[in-house]
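This is the structure I want to talk about, given as structure tokens.
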Amino acid sequence: MRTYINNINNLEDGSIIEIDGWVQEIRKIKKLLFLIVRDNTGSVQVTVKDNMVKNYDSIYNISRESVIKVSGKLNKKSISKSGVEILANEIIILNTAETPLPMGVIDLVDVDFDTRLNNRFIDLRKPENLIIFKFESELLFGIREYMNKNNFIEVHTPKIVAAATEGGADLFPVQYFEKRAYLNQSPQLYKEILMSSGFDRVFEVGPAFRAEKENTVRHLNEFTSIDIEMSFSDDETVMRMLENAIAYSVNRADSILGKELKGLGYSIEEVRPPFPRIEYSELINYLNDNGFKLNFGDDFSPEAMKFVSKKYNGFYFITKWPKDLRPFYTMPDDTNRNVTRSFDLQLRDIEVCSGAQRIHDYNMLENSFNEKGLNKNNFEFYIKAFKYGMPPHAGWGLGLERLVMNLLNLSNVRESTLFPRDRSRLSP
RNA sequence: GCCCCGAUAGUGUAGCGGCCUAUCAUACAGGCCUGUCGAGCCUGUGACGUGGGUUCAAAUCCCGCUCGGGGCGCCA
């Protein structure tokens, strides 16, 4: 029976065990050879002596990254550095790897990110890359659990759509039989329709597509969006839901993977809500007091956000954004009609989430379309849901890759994406 | 879309008009070696993105193209 390598320590010294994995390292000394074998949980030394296995010659000539099955005796008093080894008495070569490798898994040379992405299947064999996606998986599990406990219904809305979500031109067109369709840039409109349907609380984890020609370390043309929408709710309520969901899932993932993460050079800080809330206009003033020249209505430049993140390290909300910077479905503020009941969640200098109280009144929504210069006829399927009993609602959308990137302090969002899609990359 | 920058063995680099028959590391192949663990030692294989131009001479200078990186706009 197969043992995963991280379980070896739980077994008794001298037991006969079997592992499956990749040959990561080979050290040869004529009639003795050491293989470091890796699976997705860790790696261990396998010691092979010429009189112990019958196919010694072929094992002696095995290439790195070949796949093998090893049976042998566990020696927990090994003089190897880890103190543990497996004394092999049978090794089956399941598949050999060609040489040389397109890139090394443990080589002592740098590899360009482009080369790594071109050979992502090998790149992901590196434990420090695999852990990013283990972390993402745990994080998402925690968020699901949190949402579930709070009575959210997980939904899946269409990704092939007929109309623009926010009226922009940043969509990928697709041919849908005889019609022109698009890849959805956000589940926004469908989440809102479900509020009218009485689902009350929904969340969705799914892809979002943006045909924007950015070329930055924080943009992807396909990313994973975690979205919620909540009826009979307001912006403050969904902000609390957000900070609590993040705190719960991050702290949970860290308690499970923290040790492994630390061993691979990542460290996660404990997340403690509530997060600071700063109004947009406060931030404009703060920046202008510090040498920036911003007007009300301007968006913050990356440089400005870097400056702000020196003051607010960690998570913080920027609230009450001007109307012009927000989509048509955003609820204006009751007291100041120039601003909206909206928020962005920042982690240091990067935006990871944005949300708002939404407009639920049909006439107000119609006006908003006009103000934004959008043709409401293109949104008939959406706007109809507002005529026959739409409850007040609020929600947000959280960028999964960006969240993981920032939590782990990665320098590029592509690091937290298995197979990134960007301005020039469509493969693998 | 705009602005910078880059492209040399499988990988990562040095070289930036003639000392280049191109450096070093790593990988790979072969050899020595019964306890390695960044194993060590010896031998070997392997590269100037592409098309023009300048020059007696181009990896090196100039122009186009292709591919890539970073920044900005924008945003998750």
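Below, read A as the first sequence line, B as the second, and so on, with proteins coming before strands; counting in each chain starts at 1.
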Q) So what does Asn75(A) hit on the nucleic acid, given a heavy-atom distance under 4.0 Å: a base, only sugar-phosphate, or nothing? A)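 Contact class for Asn75(A): none.
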Q: Pick base, sugar-phosphate or nothing for Gln45(A), based on heavy-atom distances below 4.0 Å to the nucleic acid.
A: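 Counting heavy atoms under 4.0 Å across all strands, the contact made by Gln45(A) includes a base.
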Q. Which part of the nucleic acid, if any, lies within contact of Asp50(A), taking any heavy atom under 4.0 Å across all strands shown: a base, the sugar-phosphate backbone alone, or nothing?
A.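 Counting heavy atoms under 4.0 Å across all strands, no contact is made by Asp50(A).
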Q: Assign Arg326(A) to base, sugar-phosphate, or nothing according to its heavy-atom contacts below 4.0 angstrom with the strands shown.
A: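 It contacts nothing in the nucleic acid.
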Q. Mind checking who C74(B) pairs with, Watson-Crick or G-U wobble, both distances under 3.5 Å?
A.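 Base partner found: none.
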Q: Go ahead and name the base partner of C48(B); Watson-Crick or wobble counts if both distances stay under 3.5 Å, otherwise write none.
A: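 With both distances under 3.5 Å required, C48(B) matches none.
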Q.
Quick check: any donor-acceptor pair below 3.5 Å linking the side-chain of Lys49(A) to the base of G35(B)?
A.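 Looking at the base of G35(B), it does pair with a donor or acceptor on the side chain of Lys49(A) (distance under 3.5 Å).
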Q | Strand partner of C41(B), provided both Watson-Crick or wobble distances fall under 3.5 Å | A |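 Answer to the pairing question: G31(B), which forms a Watson-Crick or G-U pair with C41(B).
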Q: For Asp422(A) and G70(B), give me the distance from atom CG to atom C1', rounded to whole Å.
A: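 Computing the Asp422(A):CG to G70(B):C1' distance gives 13 Å.
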(Q) At 4.0 Å (heavy atoms only), tell me whether Val413(A) reaches a base, stays on the sugar-phosphate, or touches nothing. (A)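 If one applies the 4.0 Å heavy-atom cut-off, Val413(A) turns out to touch nothing in the nucleic acid.
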Q. How many Å lie between CZ on Phe209(A) and C1' on A76(B), as a whole number?
A.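 Taking CZ of Phe209(A) and C1' of A76(B), I get 14 Å after rounding.
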Q.
To the nearest 0.5 Å, what is the distance between CG on Leu426(A) and CG on Asn221(A)?
A.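 The CG atom of Leu426(A) sits 10.0 Å away from the CG atom of Asn221(A).
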Q: Please work out if Thr224(A) contacts a base, only the sugar-phosphate, or nothing of the nucleic acid, heavy-atom cut-off 4.0 Å.
A: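 Since no nucleic acid heavy atom lies under 4.0 Å of Thr224(A), the category is nothing.
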Q: Would you mind classifying the nucleic acid contact of Ile79(A) as base, sugar-phosphate or nothing, using non-hydrogen atoms under 4.0 angstrom?
A: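 Base, at least one base heavy atom under 4.0 Å.
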Q. What's the CE-C1' distance between Met52(A) and U34(B), to the nearest Å?
A.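 Met52(A) atom CE is separated from U34(B) atom C1' by 13 Å.
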Q: Answer with base, sugar-phosphate or nothing: what part of the nucleic acid does Tyr56(A) contact at a heavy-atom distance below 4.0 Å?
A: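 Touches nothing.
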Q.
Can you say whether a donor on the side chain of Glu85(A) sits under 3.5 Å from an acceptor on the base of G35(B), or the other way round?
A.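 Indeed there is one.
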Q.
Students often get this wrong, so: under 4.0 angstrom with heavy atoms, is Leu403(A) touching a base, only sugar-phosphate, or nothing?
A.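 Leu403(A): no heavy atom of the nucleic acid under 4.0 Å.
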Q.
In whole Å, I'd like the distance from the NZ atom of Lys213(A) to the P atom of G69(B).
A.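 So the two atoms are 17 Å apart, to the nearest Å.
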Q: Answer yes or no: does a side-chain N or O of Thr216(A) lie under 4.0 Å from OP1 or OP2 of G69(B)?
A: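 For G69(B), OP1/OP2 do not have a side-chain N/O of Thr216(A) under 4.0 Å.
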Q. Tell me: CZ of Phe34(A) to P of G40(B), nearest whole Å?
A.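 So the CZ-P distance, Phe34(A) to G40(B), works out to 14 Å.
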Q: Round to a whole Å and report the spacing from CZ of Arg64(A) to C1' of C28(B).
A: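 Result: 9 Å.
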Q) Is the aromatic ring of Phe113(A) within stacking range of G69(B), meaning centres under 5.5 angstrom and planes under 30 degrees? A)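 So no, this residue does not stack on that base, at least one cut-off failing.
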Q. So which nucleotide does A9(B) pair with, by the Watson-Crick or G-U wobble rule with both distances under 3.5 Å?
A.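 Partner of A9(B): none found under 3.5 Å.
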Q | Base of C75(B) paired with side chain of Arg402(A) (donor-acceptor, under 3.5 Å) | A |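 Checked by distance alone, the answer is yes.
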Q: Could you please name the partner base of U21(B), counting Watson-Crick and G-U wobble pairs only when both distances are under 3.5 Å?
A: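 Base-paired to nothing in any strand shown.
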(Q) Around atom CZ of Phe172(A), are there more than 12 heavy atoms from other residues, nucleotides or ligands closer than 6.0 Å? (A)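 It does: Phe172(A) CZ has more than 12 such atoms within range.
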Q. Between atom CG in Asp110(A) and atom P in U11(B), what is the gap in whole Å?
A.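 The answer, rounded to whole Å, is 14 Å.
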